[in-house]
Amino acid sequence: MLELITAFATFVLQSSEPAIPKTAAAALAVGLAAFGAGYAERGIGAAAVGAIAEDDDMFGRGLILTVLPETLVILALVTIFVV
Amino acid sequence: MSTKQGGSNYEYVTARVRSRRSRLFDEDDYRKLTRMGTGEIARFMEESEYEAEMNALGSRHGGVDLIEYALNRNLAANFDDLLRWADGRLYDYVARYLRKFDAWNVKTTLRGVYSEADRTDVEDDFIRAGEFTEKQHSALLDAASMEEAIAATRGTMFHGPLEAALEVYEESDELVPLENAIDRAFYGHLLDGLPEEPDRPTELYIEFLRAEIDFRNLRNAFRLAYSGADMDPADYFIDGGRLFGEGDLRQLAQTPDELAARVRESPYGDDLDEALDALERARSLIGFENALDAALLEYSEQLSSRYPLSVCPVLGYVLAKEREIDNIRAIARGREAGLSEEEIQNELVIL
C-alpha cells in the first residue's frame, strides 16, 4: 500500500498536468460550498419552521433567513468564471 | 412523531419554545389582572392563549374553579407539545424533567386519600403532562386507601420509596414523609443513568438541574431555619446540588444568618443578592420564597441566552410557564378571598 502511495506521488509530481484539472477543481469548490450552504440551511430551516408554526407572520422573515446561506453558493460560482 | 433515536432537533424546539415564551403574560398583564374581578379574569383569559381550554371547560365549571382547571389543562397541553416536538436525546431530557407532574399527581392522590376527597375533585387537580398512562392515572384515582394508592404506583420510581415511607406515615399520621419520599425519588432520578463522562449537551442539562436542586435545598433549609422546627434537615436533603453537602445543611439550618452568608458567596450570589436583601429586610418566608423563584427564573433565562441551542431554553420555558400558572392562580384565588391589590402583588413571582 505504502509503495503505491509513493509511486503515485512521484507520478503526480513528475507529470506536467496537475492532479486535479482546473475545471474539476472549480466544480469541487462549488459543490463543497453548496454542501456547506445546505448544512447551514438545515438548522435555520428547522428553526424557521418552528417559528412559523407558532406565528404565521414569521413566514417572510423565516424564508429570507433560510435562503441566506445560499449566497455562499453564488459566491462560489465566481470560481467557474475565473478558471 | 417523537423518537428516542436519532439526533436532537434543538433548532426547531427552541424556536417554538421562545415564541411561546414571548407570549407569556408580562408585568403589565399581571397589573391589569390584579385589578380585575374573577369574571373579568375569566374573560381576559378567553381572549388569550387559554381560549381553547376556557371554552372547553366553560360549560361544566364556573368562577375560580373554571380558571384553575383551564390553567391546569393548558399547562398539560403545553408540555405535551414539548414532548411531541422533541426528538432524540432532547426528548429524553424533557421527559425526565416532566415526570415532575407524575410526582404532582401521586401527591395529589395521596392528599386526596388523606383528606377523603371525591374522585372527581382529585381528577380535576391532575396535571396529565408526565409519563403515566391513562391506566395508571385511573388506578391512582380508584385508590381508597394509602396502601392502594401506593400499590398503584407499582412499576414506577415512586413505589419503593413510598413503601418505605408508609411505615413512618402510619406512626405519625402525617403526609410529610410520603410527600418527601416522592420529591426525593423524582430528583434522585433526574440525574440517573446519565453517561459517566457527559458531553456538552448533557453537561448543560446537568447544570440546569443542579441549579434547581440547589434552590430546592435552599428553600427547605430556610423553611426549617425559620420555622425552628425540630426536624432532621438531612431527611429533606436532595442529593446532586453543588451548593450544599448533607452535613452542611444540618449545620446551617440552625443558623439562618450563616446560611444567608453562605449563599452570598456561592455562584448564585450575584443573582440572589436582591432576594437575600429582601429576606433580611422582610423576615418573611413567603417573600423570600418568591424571591428565590424569581432568582431561579432569572438564572434559567441567563442559561438559555448563554446556550441558545441546548436543553436550557426548553426547561427555562417549563419553569416560566409554571410560574405564570401559579401567578394567575394566586391572583384569581386572591381576588376571590378579597385580598387587596398589594397583598396579591406580593404573592406574584414576576421577573
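We name chains A, B, ... by the order of the sequence lines, and we start the count at 1 in each one. Keep in mind that what you see is a predicted model, and the values were worked out from it rather than measured.
Crowding of B/Arg23 atom CZ: a count of heavy atoms from other residues, nucleotides or ligands under 6.0 Å exceeding 12. Open room surrounds CZ on B/Arg73; 12 or fewer heavy atoms of other groups in view lie less than 6.0 Å from it.
Between atom CG of residue A/Asp55 and atom CZ of residue B/Arg20 there is a gap of 12.0 Å, rounded to the nearest 0.5 Å.
Between B/Ala15 and A/Ala51, the shortest heavy-atom contact is CB-N, 4.0 Å.
Using a 4.0 Å cut-off between charged side-chain N and carboxylate O, B/Arg18 and A/Glu54 make no salt bridge.
Chain B forms more heavy-atom pairs under 4.5 Å with one residue of A/Gly43, A/Gly45, A/Gly50, A/Ala48 than with any other, namely A/Gly50.
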